[in-house]
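All remarks here apply to the structure that follows.
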Amino acid sequence: MKLVVLFLVALLTVYVDSFPDDDYTWTHHDAEALKRVLDETARECPDITRVYSPGKSVKNVDLWTIEITDNPGVHEPGEPEFKYVGNMHGNEVVGREILLILIPYLCKEYNKGTPTIVELVDNTRIHIMPTMNPDGYAIALEEFLKTGSNSWTVGRQNANNVDLNRNFPDMDKKFFKLQKMHSKINNHITMTMQEIGHLLQKETQVILNWMTEYPFVLSANLHGGDIVANYPFDASKDGRPHYQKCADDAVFIELSKAYSQAHATMSDPGRKKCDMTEESFDDGITNGADWYPVPGGMQDTNYMYTNCFEITLELGCNKFPPAEQLPQFWDDNKNALIKYMQMVHIGIKGFVTAESGDVLENAVISVKGINHDITTAPDGDYWRLLVPGNYKVTASKPGYLPKTKMCRVEDTLEATHCNFVLTSRMSDLEQDILRELREWDKQ
Ligand code: GEM
Ligand code: ZN
């Protein structure tokens, strides 16, 4: 009798815990269905969501995005921002579909009070854009509905037939050039239209603006065609395929492994690559340029133009699998998707302020031995992803005396607080004048 009761309780627990519900229909979501998932989630979880569109595609379709956090619509000082972007290549749909499950999953688990999800949502501003190429998707979907499959490249590009993952400004090239000239610039690279040398597509422009509008710290760009976590640099100095290390190689390896090892099969040794030609990637991760160089990709633009660290996730051999396979993709990726979001909390974080108490925006945070600086956001807050260790960290800003501190990073998912108070180089009188001018500005 006791056993039977135990069995029934176990069964009930499994039933209650199952997500999505047993009567959930796994299907591919077209543009309307995609929007419906976002809106329904916002209705279920109004206190932790905001649906917004950072802009439109060539065919004027909104790049709908949902924000999931305890205080949607505002940047909470000190709270890191995270993003997932799916379906950049219109025919690579696994990312799109698993993000469309992740969204209601986060809402449901938050409402249920699942500790890891509550902690994540309360302490992170998560942005999820299931598709950044709705026009390409529409083309791929049409082919899929007609033929039951996708022919590898149909719908990959946007409506102007441009590969969006080649359309970003080639900041790697500019960075390599700056390095050759012994320039000290190692982030926030700017390029003139002439230097960029090609037209930026509408989708690219929307993402570039979005990248600078929010102080993103970590993101992933979800693709298909193989099973691997790919990290910067995506392009090499000489254009040939070989490992091209970036200054944050150790951090990117840790981030990529966090995903691949939490994924059901990505890091399995002995697995073949999707084209079956060779053994798969060690640990399920790869340096982008080592795999094959991709100049003008979104991943490295995040790294070289903003404070955001991005990796590219290849989620399956079949870019447009039948809907029956979607539950398996969700099962395989669910833990990895959560784990990777938690990684936004590694390293150090804090505020840079002046002695007057004013917060300092655009102060530079540099770490000795890592040639890649991070800057503070408008509230003076910063996040510097780092692997465990002791670091000599300097905060600086023109007009202030730089300050250096030792900051220790433990092997946890909680960033070490490292705050800096900078002393102004200005005299008291100059500071008074500046304060008065600011007051004037406000009026
Ligand atoms: C890739 S992006 C990921 C791989 N990056 C590098 N450097 N090899 C692309 O855009 O070609 C693969 C994809 O389309 O999914
Ligand atoms: Zn792709």
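Order of appearance sets the numbers: ligands from 1, and atoms from 1 within every ligand. Side-chain atoms are counted along with the backbone in the values below, which use heavy atoms only and exclude waters and symmetry mates. We count residues from 1, following the sequence as given.
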Fill in: salt_bridge(R408, E410) N-O dist < 4.0 Å
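So R408 pairs with E410 through a salt bridge.
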Discussion item. Looking at E279 and K272, is any side-chain nitrogen of the basic one under 4.0 Å from a carboxylate oxygen of the acidic one?
Written reply: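 Yes, charged N to carboxylate O under 4.0 Å.
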Pairs under 3.5 angstrom only: tabulate donor-acceptor contacts from the side chains of residues 340-347 to other protein residues two or more places apart or in another chain.
unit_1: Y340; atom_1: OH; unit_2: S219; atom_2: O; d: 2.8
unit_1: H345; atom_1: NE2; unit_2: T124; atom_2: OG1; d: 2.9

Discussion item. Could you check whether atom CG of D275 has more than 12 heavy atoms from other residues, nucleotides or ligands sitting under 6.0 Å from it?
Written reply: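 Count over threshold, so yes.
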Fill in: Crowding at CD, Q325 (>12 non-hydrogen neighbours, <6.0 Å)
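Count over threshold, so yes.
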Discussion item. Could you tell me if R96 sits above the aromatic ring of Y137, with its cationic atom closer than 6.0 Å to the ring centre and no more than 45 degrees from the axis?
Written reply: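 Yes, cation above the ring, under 6.0 Å and within 45°.
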Worksheet item: Is it true that the NZ or CZ of K403 lies under 6.0 Å from the centre of F420's six-membered ring and within 45 degrees of the ring axis?
Response: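 K403 over F420 ring: no.
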Worksheet item: Under a 4.0 Å heavy-atom cut-off, which residues neighbour ligand 1?
Response: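 Near ligand 1, by chain and number: H89, E92, R156, N165, R166, H223, G224, N230, D234, G288, W291, Y292, V294, T312, E314.
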Worksheet item: Nearest heavy-atom pair of N186 and D373: which atoms, and what distance?
Response: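 Of all heavy-atom pairs spanning N186 and D373, the closest is OD1-N, 3.0 Å.
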Practice prompt. Identify which protein N/O/S atoms are less than 2.8 Å from the Zn ion (ligand 2).
Written response: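 Protein N, O or S atoms closer than 2.8 Å to the Zn ion (ligand 2): H89 ND1, E92 OE1, E92 OE2, H223 ND1.
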Hey, can you pull the donor-acceptor pairs under 3.5 Å for the side chains in residues 255-262, sequence neighbours left out?
unit_1: S256; atom_1: OG; unit_2: F252; atom_2: O; d: 2.7
unit_1: Y259; atom_1: OH; unit_2: N333; atom_2: OD1; d: 2.8
unit_1: S260; atom_1: OG; unit_2: D283; atom_2: O; d: 2.7

